[in-house]
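Below: the structure, in structure tokens.
For the numbers below, each heavy atom of this structure counts, side chains included, while hydrogens, waters and symmetry mates do not. The model shown is predicted, which means the values in this text are computed figures rather than measured ones.
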Amino acid sequence: AAILPRVSCTCALPPSTVAKGQIAMRVEPIQQGLWLRLLDFKHPELQRKRPPSHGGGSLARRDRSVTKQHARAVRQRFDVPLPQELWERLFQVVSPGVLCNLRAACRAWRGCLDDPTADALWEMAYQHEWCFGTGRDWGTFTGSWRSRFLARWWAYERWGTRLPTVCTLMGKRAHSGTVTCVALGDCGVYSSEGTALSASDDGSLFQWRFTSGSHSLASSPHTVAQQHHRQCQGGDVRCPQRAKQFHGHAGPVWCLWCDPDRDLLLSGGYDATVKLWSLSGERCEATLRGHDGWVRSLEVMQDGRSAVSGGSDGLIKIWSLDSHQCLHSAGPPNNEARHSTHCLAAMEHQNVLLSGHSCLHHLLRWDLTTMQCQRSFVGHSADVYAVHAQGPASLLVSGSKDRTIRVWDARTPDGRCASTLRAHTGAVLDLKLRGNRVVSASMDKTVRMWDIRQPHAPLATFEGHSAEVHCVDFRDRLVLSGSRDTSLKVWTVV
């Protein structure tokens with residue numbers, strides 16, 4: 001039998017039964033006293049209460065014999081691992097952190113899970129939680145899947161169980177206007193070192209560098225002291241430092257995209273242009289012109305050779321990043337310029353581009369080959385401000401003016417709403433989906449973290465901004481948010 005958290009138990013079936021589709025699994029609650037006996041590593045078998053012998057010696061001996069046979073049978077079933085298909089089903093509704101609970105609960109389970117032959121199980125758990133992460137993370141890590149999973153999980157699971165430390169970036173060396181968009185690089189996965197980018201309506205783009213000492217706060221037993229923030233002042237190495245700056249837009253910058261491996265940064269702004277920057281040279285390499293209104297959203301394809309932009313003119317344009325030419329232009333929806341583009345998200349495995357527009361309470365699904373669109377993902381009661389699809393291959397999330405976040409299943413033709421996340425008291429302005437976690441920013445001045453498998457309530461709520469939060473991004477250890485109060489806040493769990 002496999003032990004699951006939250007006092008539940010499930011029966012293991014032979015692989016042949018699962019392969020034939022004859023699954024008859026029953027989940028039942030376990031009483032607390034029985035649960036403790038089940039987790040006893042000295043006696044892993046269930047100890048059945050013996051019936052009174054009434055003085056009969058033969059009956060007592062027979063009862064002891066039956067008990068020993070039962071214990072031997074339980075130990076034999078305990079040694080048989082769960083079939084891989086059943087684990088895959090379990091990870092769809094239960095956090096893969098159950099493996100960590102099993103390692104801590106029973107010595108026999110720890111030995112089985114630490115065995116090199118169980119590495120495929122850890123690989124499956126990693127895939128379901130992080131979908132193999134980014135390309136850089138996939139290629140640089142060496143070692144077993146177990147060590148890889150545990151290295152990310154210990155910090156990842158702490159969100160919602162302890163208060164994060166906060167670092168505020170504002171003042172002379174930060175933005176002087178509303179922070180409109182942010183992007184975290186490869187920091188926050190296995191360490192807190194790396195870079196991040198931010199842009200503002202003051203027309204500037206900044207690159208920030210995180211070091212290993214950027215987020216260390218003195219430990220204190222007092223709750224307020226644990227969450228008290230630091231402000232970036234001069235050469236304070238405890239705060240992220242501004243490393244580079246980019247100026248060139250004739251007005252506010254509304255969106256950005258970055259690829260450090262290609263030394264490339266893209267930004268779109270109020271001047272109706274998309275600019276390509278060299279990260280190392282801090283200079284503008286090319287300017288893409290074609291929109292009749294400000295550029296509000298950007299999406300770059302996985303091959304890195306083409307980009308999609310959406311503007312306030314309602315047009316969606318596909319650009320070649322090699323020739324710097326417009327390959328295709330579509331829109332506006334219904335040939336009405338009032339449907340300005342709020343957000344974009346590409347799902348290349350389905351050859352689909354998703355877009356949200358003003359005065360439309362649903363998303364549009366565009367065929368990337370023909371650029372024909374159809375109405376899809378209907379459910380919001382107001383404009384859709386944000387959409388993101390960097391998670392499980394079939395899922396995407398959207399945030400709306402109606403103050404809700406919806407999780408959609410893209411495998412259905414019209415898009416089925418899998419769940420609705422409700423907690424914000426203002427419009428959802430931005431969100432990010434990575435693996436099974438969602439982080440959202442709202443006009444209610446808060447940032448919230450969610451687990452899409454537990455939609456009833458957020459895992460954590462971050463309060464600290466004094467105005468609406470316009471943008472957010474996150475990795476395992478870090479959450480980065482930007483607000484109309486001109487500040488950037490870095491929330492870190494340690």
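In this structure the side chain of C100 reaches within 4.5 angstrom of the side chain of W154, judged on heavy atoms. Counting heavy atoms from C-beta outward, T168 and L488 have side chains that stay 4.5 Å or more apart. Here the side chains of L256 and L298 are not in contact, with every heavy-atom distance at 4.5 Å or above. L169 is listed as a side-chain neighbour of P240, based on a closest heavy-atom distance under 4.5 Å. R152 has its side chain within reach of D476: a pair of non-hydrogen atoms, C-beta onward, lies under 4.5 Å apart. Within the 4.5 Å cutoff, side-chain heavy atoms of T420 are placed close to those of R422. Residues W450 and I452 are not in side-chain contact: their nearest non-hydrogen atoms beyond the backbone lie 4.5 Å or more apart. At a threshold of 4.5 Å between non-hydrogen side-chain atoms, the residues S481 and W491 count as touching.
The minimum heavy-atom distance linking V179 with H470 is given by the pair O-CB, 3.6 Å. In terms of heavy-atom proximity, A346 sits nearest to M301 at CB-SD, 4.1 Å. In this structure, D409 and L395 approach most closely via the heavy-atom pair CA-CD2, 4.1 Å. Contact record, S355 with W366: OG-NE1, 2.7 Å, taken as the closest heavy-atom pair. When every heavy atom of R242 is checked against every heavy atom of A174, the shortest pair comes out as NH1-N, 4.5 Å. The two atoms that bring D263 and S278 nearest to each other are OD2-OG, 3.2 Å, heavy atoms only.
Electrostatic pairing of D473 and R434 counts as a salt bridge here, judged by a charged N lying under 4.0 Å from a carboxylate O. Salt bridge present: D430 and K432 bring a charged side-chain N and a carboxylate O closer than 4.0 Å. Ion pairing of E463 with R448 is absent here, as no side-chain N (NZ or NE/NH1/NH2) approaches a carboxylate O to less than 4.0 Å. The existence of a salt bridge linking R146 and D119 is excluded, since no basic side-chain nitrogen approaches an acidic carboxylate oxygen closer than 4.0 Å. A salt bridge links D451 with R453: the distance from a Lys NZ or Arg NE/NH1/NH2 to an Asp or Glu carboxylate oxygen falls below 4.0 Å.
Looking only at distances, no side-chain donor or acceptor of S400 sits under 3.5 Å from a matching main-chain atom of R403. Q374 places no side-chain N or O within donor-acceptor distance of the main-chain N or O of L364, the cut-off being under 3.5 Å. Remark: the backbone N or O of G399 is not paired with any side-chain donor or acceptor of R406 at under 3.5 angstrom. Using a distance-only test at 3.5 Å, with no hydrogens or angles considered, a donor-acceptor pair links the side chain of T180 to the main chain of A199. Panel note: side chain H465, backbone K445; no donor-acceptor pair is recorded below 3.5 Å. S198 places no side-chain N or O within donor-acceptor distance of the main-chain N or O of V182, the cut-off being under 3.5 Å. Of the possible polar contacts, none joining the W159 side chain to the P164 backbone as a donor-acceptor pair under 3.5 Å is found.
The distance from atom OG1 of T195 to atom CG of L279, rounded to the nearest 0.5 Å, is 8.0 Å. The line from CG of L344 to OG of S309 is 8.0 Å long, rounded to the nearest 0.5 Å. Summarising the geometry, atom OG belonging to S320 is positioned 5.0 Å from atom CG belonging to L327; distances are rounded to the nearest 0.5 Å. Here the straight-line distance linking atom NE2 of H424 with atom CD1 of I405 works out to 4.5 Å at 0.5 Å rounding. Taking CD of E299 as the start and SG of C255 as the end, the distance is 10.5 Å to the nearest 0.5 Å. Residue L197 holds its CG atom at 7.5 Å from CG of L205, rounded to the nearest 0.5 Å.
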Intermediate values then yes/no, side-chain contact (heavy atoms from CB on, under 4.5 Å), L480 and F474: CA-CA 6 Å; L480 180 63; F474 78 105; over 6 Å; no

Check against side chain to side chain donor-acceptor pair (under 3.5 Å), S398 and H380: CA-CA 9 Å; S398 61; H380 286 292; 2.8 Å; yes

Working for side chain to side chain donor-acceptor pair (under 3.5 Å), residues W319 and S306: CA-CA 5 Å; W319 307 87; S306 59; over 6 Å; no

Test side-chain contact (heavy atoms from CB on, under 4.5 Å) applied to W122 and L113, step by step: CA-CA 8 Å; W122 292 101; L113 292 173; 4.0 Å; yes

Steps toward side-chain contact (heavy atoms from CB on, under 4.5 Å) verdict (L265, C258): CA-CA 4 Å; L265 168 66; C258 179; 4.1 Å; yes

Pair D259-L266, side-chain contact (heavy atoms from CB on, under 4.5 Å): steps then yes or no: CA-CA 9 Å; D259 185 358; L266 273 72; over 6 Å; no

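Taking the six-membered ring where the residue is Trp, W153 and Y156 present tilted rings, their angle falling between 30° and 60°.
Figure legend: R416 and F377 shown without cation-pi pairing, the cationic atom not lying both under 6.0 angstrom from the six-membered ring centre and within 45 degrees of its axis. Seen from the ring of Y126, R148 counts as a face-on cation partner, given the 6.0 Å and 45° thresholds.
A donor-acceptor pair shorter than 3.5 Å cannot be found between the side chains of H362 and S376.
Applying the 6.0 Å contact sphere to CZ of R262 captures more than 12 heavy atoms from other residues, nucleotides or ligands.
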